[in-house]
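There's a structure below that I have some questions on.
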Amino acid sequence: MPETYDLLFKGGTVVNHDGIGARDLAVRDGRIAAIGTINAQSAGEVIEASGLTILPGVIDSQVHFREPGLTHKEDLETGSRGAVLGGVTTVFEMPNTNSNTTTPEALSDKVARAHHRMFCDFAFYVGGTEDNVDDIAELERLPGSAGIKVFIGSSTGTLLVDDEVNLERIIAKISRRAAFHAEDEARLNARKDLRIPGDPSSHPVWRDEEAALIATKRLVGLAEKHGKRVHVLHISTAAEMEYLSHHKEWASVEVTPHHLTLVAPDCYERLGTYCQMNPPVRDAKNQAGLWAGLANGTVDVLGSDHAPHTREEKEHPYPQSHSGMTGVQTLLPIMLDHVNAGRLSLERLVDLTSHGPQRLFGLRGKGRIAVGYDADLAIVDLNHPETITNERIASRCGWTPYHDKAVTGWPVGTVVRGTKVMWEGEILGAGAGETARFY
Ligand code: DOR
């Protein structure tokens, strides 16, 4: 009996672990069943994919979807619509909701809200605090847990572990790789007067390179002392990147598309508070350091740090304006445009968005185009010119810092566990997202 399949992508260019090449790709029962030259008669549905490029679905390991409590900005459903419109098939969502995700009950509440309502698969970080240190072993292992996230410097919300004693207590307890927002709270507090009212270009002056470097060094030092793995989120400075390149044994590294793409002072002149983010978007010298880390292998993953706020919240006069910008829907278009401009290879992009997160976080059955893996795919047209606009953005807050930006390279379709959830900008069917599984 010849093999039969549910879905066949015929004639596409597949990017997987053995390189880039023309291959057919067959899916059965939600998993990748065959790669190679496959008879079109063998499948229930055949998608003609010549001219298209098939990537493993993007795993965005840093998004803020704001549910529960802040759903005037976003919720799990709207956030995940943006995800799948942008080729993202799995997200790790952050704990600074209201209430904070710091208990088993809060985590299981998020999982229940997300199950078969989100359009992509999901896991949720649990906020590490001085109060739940003794529960860390349990919190790391509960179904749907992406592990522990700690804010060493304060940002949106109330989660904060700014003293070394409690930070060390947490690091001593973790067994999975935990994620950290590294800015030194004492230095941020001491420099608050450097904020110039009404001038968001003073944001990176206040939250300076040194604040980030101090916190990153303290974190990595504690990881080394206790032999633990730490993930340093949204690296924004050349100095941290240089330091981290010598500490890969302990620390994995995330950069964001906005730190790679937007640059001071231009972004503050053009976008004002819409560019305000923690850690801040900085100058060209720091951005060059991030690209160098991406080129030399120091960077492990790209995360969008999708952090929506309403226009009203963004338009308060600085510094009352909220920090954060959308990003989950634009991660892939922005990075494909960088690929087309020759700033990184397609293979390296896939390493950063799929293989990297799979390896770092121990995701089961995701992040690769290989037989037996979940059929999570981002199908893109590398040659498609498009303009990113606010109108396209599915996020409840309805804006992007890239409004009117022309890019080359665009997501055409998103497949989650073998089901087409987005095709040519349309979301198909109801949310069927499930909990990501970890080793
Ligand atoms: O600018 C930011 N906004 N940085 C963060 O770390 C949090 C985020 C948010 O949740 O708004």
Side-chain angles (χ1 to χ4, degrees), residues 59 61-62 92 94-95 123 125-130 132-133 136-137 139-141 145-153 159-187 209-256 259 279 286 289-290 292-303 305 348 351-353 355-363 367 438-439:
I59 298 161
S61 46
Q62 190 185 181
F92 297 179
M94 285 294 168
Y125 275 109
V126 178
T129 72
E130 60 181 82
N132 65 6
V133 183
I136 279 180
L139 292 166
E140 282 186 317
R141 289 289 155 202
S145 172
I148 302 297
K149 153 80 182 277
V150 177
F151 285 87
I152 300 177
L159 285 173
L160 178 65
V161 180
D162 59 351
D163 65 298
E164 187 153 343
V165 173
N166 280 311
L167 184 61
E168 180 160 8
R169 286 175 66 215
I170 292 173
I171 290 173
K173 289 270 174 161
I174 56 174
S175 57
R176 285 176 75 174
R177 184 179 299 275
F180 296 82
H181 178 125
E183 290 182 282
D184 181 61
E185 187 69 7
R187 188 167 171 96
E209 288 106 311
E210 197 57 25
L213 185 62
I214 291 169
T216 291
K217 283 186 170 171
R218 181 186 313 135
L219 168 64
V220 174
L222 290 172
E224 188 164 1
K225 179 172 168 191
H226 291 276
K228 300 298 172 97
R229 297 163 294 169
V230 295
H231 183 57
V232 201
L233 297 161
H234 40 46
I235 292 303
S236 62
T237 70
E240 285 174 285
M241 196 61 81
E242 162 66 14
Y243 172 80
L244 288 163
S245 72
H246 302 294
H247 295 82
K248 291 302 295 173
E249 197 176 341
W250 313 107
S252 54
V253 175
E254 178 198 75
V255 290
T256 69
H259 287 116
N286 282 298
L290 305 187
L294 200 136
N296 69 20
T298 302
V299 179
D300 295 281
V301 299
L302 283 167
D305 196 5
R348 177 65 168 134
D351 180 47
L352 293 162
T353 52
H355 301 162
Q358 188 228 343
R359 287 216 183 92
L360 282 191
F361 300 108
L363 269 168
F438 297 90
Y439 292 115

Note: Phe361 and Arg176 closest approach over all heavy atoms is O-NH2, 4.3 Å
Side chains of residues 209-223: which donor-acceptor partners sit under 3.5 Å, not counting sequence neighbours?
unit_1, atom_1, unit_2, atom_2, d
Glu209, OE2, Asn286, ND2, 3.0
Thr216, OG1, Ala212, O, 3.2
Thr216, OG1, Glu240, OE2, 2.7
Arg218, NH1, Asp184, OD1, 3.4
Arg218, NH2, Asp184, OD1, 2.5

With Asp162, which residues qualify under salt bridge (Lys or Arg N to Asp or Glu O under 4.0 Å), at least two apart? none
Would the distance check show the side chain of Asp305 and the main-chain N or O of Leu233 forming a donor-acceptor pair, the cut-off being under 3.5 Å? no
Where is the tightest heavy-atom contact between Ile152 and Glu185, given as atom of each residue plus distance? O-CB, 3.8 Å
Look up atom CE in Met241 and atom OG in Ser236, then write down how far apart they are to the nearest 0.5 Å. 9.0 Å
Gly367 and Ile59: which non-hydrogen atoms are nearest, and at how many Å? CA-CD1, 3.7 Å
Tell me, do Val161 and Phe180 make a side-chain contact under 4.5 Å, heavy atoms counted? no
Is the backbone N or O of Gly153 less than 3.5 Å from a side-chain atom of Glu183, with the two atoms forming a donor-acceptor pair by type? no
Kindly indicate whether the side chain of Val253, heavy atoms from C-beta on, has any atom under 4.5 Å from the side chain of Lys248. yes
According to ring-ring contact (aromatic ring centres under 6.0 Å, His included), who are the partners of His247, at least two apart in sequence or on a separate chain? Tyr243
Gly127 and Asn132 have their tightest heavy-atom pair at O-ND2, 2.8 Å
Any donor-acceptor pair under 3.5 Å from Arg348 side chain to Leu294 backbone: yes
Under 3.5 Å donor-acceptor, Ser145 side chain and Leu139 backbone: yes
Is the closest basic N to carboxylate O distance between Arg359 and Asp300 below 4.0 Å? no
Which pair of heavy atoms, one from Asn296 and one from Gly293, lies closest together, and at what distance? OD1-O, 3.1 Å
Determine yes or no for a side-chain-to-main-chain donor-acceptor pair under 3.5 angstrom, with Glu254 supplying the side chain and His234 the backbone. yes
For Leu159, check side chain to side chain contact (heavy atoms under 4.5 Å, CB included) against everything at least two apart and list the hits. Pro95, Asn96, Asn100, Thr102, Thr129, Phe151
Between the side chain of Arg229 and the main-chain N/O of Ser175, is any donor-acceptor distance below 3.5 Å? yes
Tell me, do Val126 and Ile148 make a side-chain contact under 4.5 Å, heavy atoms counted? yes
Applying side chain to side chain contact (heavy atoms under 4.5 Å, CB included), run through Thr256 and Leu302 and close with a yes or a no. CA-CA 5 Å; Thr256 69; Leu302 283 167; over 6 Å; no
Minimum heavy-atom separation for Ala146 and Phe438, please, with both atom names. CA-CZ, 4.2 Å
Partners of Arg187 by salt bridge (Lys or Arg N to Asp or Glu O under 4.0 Å), sequence neighbours excluded? Asp208
Identify every side-chain donor-acceptor pair in residues 167-174 under 3.5 Å, counting partners at least two apart or on other chains, and give the distances.
unit_1, atom_1, unit_2, atom_2, d
Glu168, OE2, Lys225, NZ, 2.7
Glu168, OE2, His226, NE2, 2.7
Arg169, NH1, Asn166, OD1, 2.6

If you define the side chain from C-beta out and look only at heavy atoms, does anything of Lys149 sit under 4.5 Å from His181? yes
Which distance, rounded to the nearest 0.5 Å, do you find between the NE2 of His231 and the CZ of Phe92? 9.0 Å
